[in-house]
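Ligands are counted one by one from 1 in listed order, and the atoms in each one are counted from 1 as well.
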Amino acid sequence: MIKVKVPATSANMGPGFDCFGIALNLYNVVSAYETESGLEILSPEFKVCRNEERNHQNLVYRAMREVFNKAEYEPTGLKIVHGKSEIPRTRGLGSSAACAVAGVLLANEIAGHPFSRRELLNLAVKVEGHSDNATSAMYGGFGASFIKNGVTYFETIPVMEGLMFVLFVPHFTVSTKKSRKSLPQLIPIDDAVNNISHAAMMGMAFATGNFKGLPLLFSDAIHEKHRKDSIPNADFLIKASSKFGAYGTYVSGSGPTLAAVVSEKRLPHYLKLMRNFVEENHIKCDIIPAHVDNRGALIDKKEK
Ligand code: HSE
């Protein structure tokens, strides 16, 4: 039995649309092993899914197939068990990337390690569609990446202690695919310059660990304004978050989660004020403080 533990990830981080991602310490655990025949997938409640069609749509399984096909390895049968599932689904916190990364890592173990992590990341990105979440889910820390001719190019760096992410997770879901349809195809040059400059400076802030300038750097002119329309009270909450001491607050991935970056020292005070704010204004969301995960996906191999 092989078990993998994959972190949640928060993509874009304001100006780094489709490029930045950060791994956070909420985890999904998935196990798998080769069986004599058939495909069996167990859900978090340990219900068996016997619906063939649904099994073949399962993201972990689809990612595993990418590895098996490329390795020309055909398992006799497979059992996949979705275990602990802390990452809220379809909320902009990388739950699909976690499945894709889990799938490629599990299949690579079963097939006898034909591929490096770098190659596996490419396969996970092929299944997931974007590189920002998958890169940080695989390697941990703060990541920057892009896809060119089907290859994911990336760098990741560990993030120093002391920086926390507070997630405001609404009780409704947003599909990334649908949300991207609301984005414009053409960007005015000033907006492009805004994002390039702020993203470059943010990359430097994370590389040097000098976060003093961070409050200026979350400005985005590409995607957030279009996405905030479908997140009730988004601007209201972002304004309060900055008033109560966050470095910045942004739409996590395609939303609807809003993520605030806060120094650990300020966290208790910040949380108290934000919890009151959310309650007083009847904003429906879960508030989850998270640390950065600097390790990325971990594999644990046990005998059956
Ligand atoms: N960067 C993607 C988007 C989401 O904003 O649509 C995560 O891959």
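- Here NZ of Lys5 is found 11.5 Å from CG of Asn28. Values are rounded to the nearest 0.5 Å.
- Ordered by chain and residue number, the residues placing a heavy atom less than 4.0 Å from ligand 1 are Ala11, Asn12, Phe17, Asp18, His130, Asp132, Asn133, Thr176, Arg180, Arg227, Gly253.
- Residue pairs satisfying the side-chain hydrogen bond (donor to acceptor under 3.5 Å, both in side chains) criterion with at least one member in residues 227-251, sequence neighbours excluded, are listed as follows: Ser10-Tyr250, Ser179-Arg227, His223-Arg227, Lys228-Asp235, Ser241-Thr249, Ser241-Tyr270.
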List the atom pairs, with distances to 0.1 Å, where a side-chain N or O of residues 105-112 and a protein N or O form a donor-acceptor pair under 3.5 Å, not counting sequence neighbours.
residue	atom	partner	partner atom	Å
Asn108	OD1	Phe115	N	3.0
Asn108	ND2	Phe115	O	3.0
Glu109	OE1	His113	NE2	3.1
Glu109	OE2	His113	NE2	2.9

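- Of the candidates Thr156, Ile157, Asn294, Val101, Thr156 is the only one forming a side chain to side chain contact (heavy atoms under 4.5 Å, CB included) with Tyr139.
- Residue pairs meeting the side-chain hydrogen bond (donor to acceptor under 3.5 Å, both in side chains) criterion with at least one member in residues 203-220, sequence neighbours excluded, are Asn194-Ser219, Asn195-Asp220.
- Of the charged side-chain nitrogens involved, at least one lies within less than 4.0 Å of a carboxylate oxygen, so that Lys84 and Glu86 count as a salt-bridged pair.
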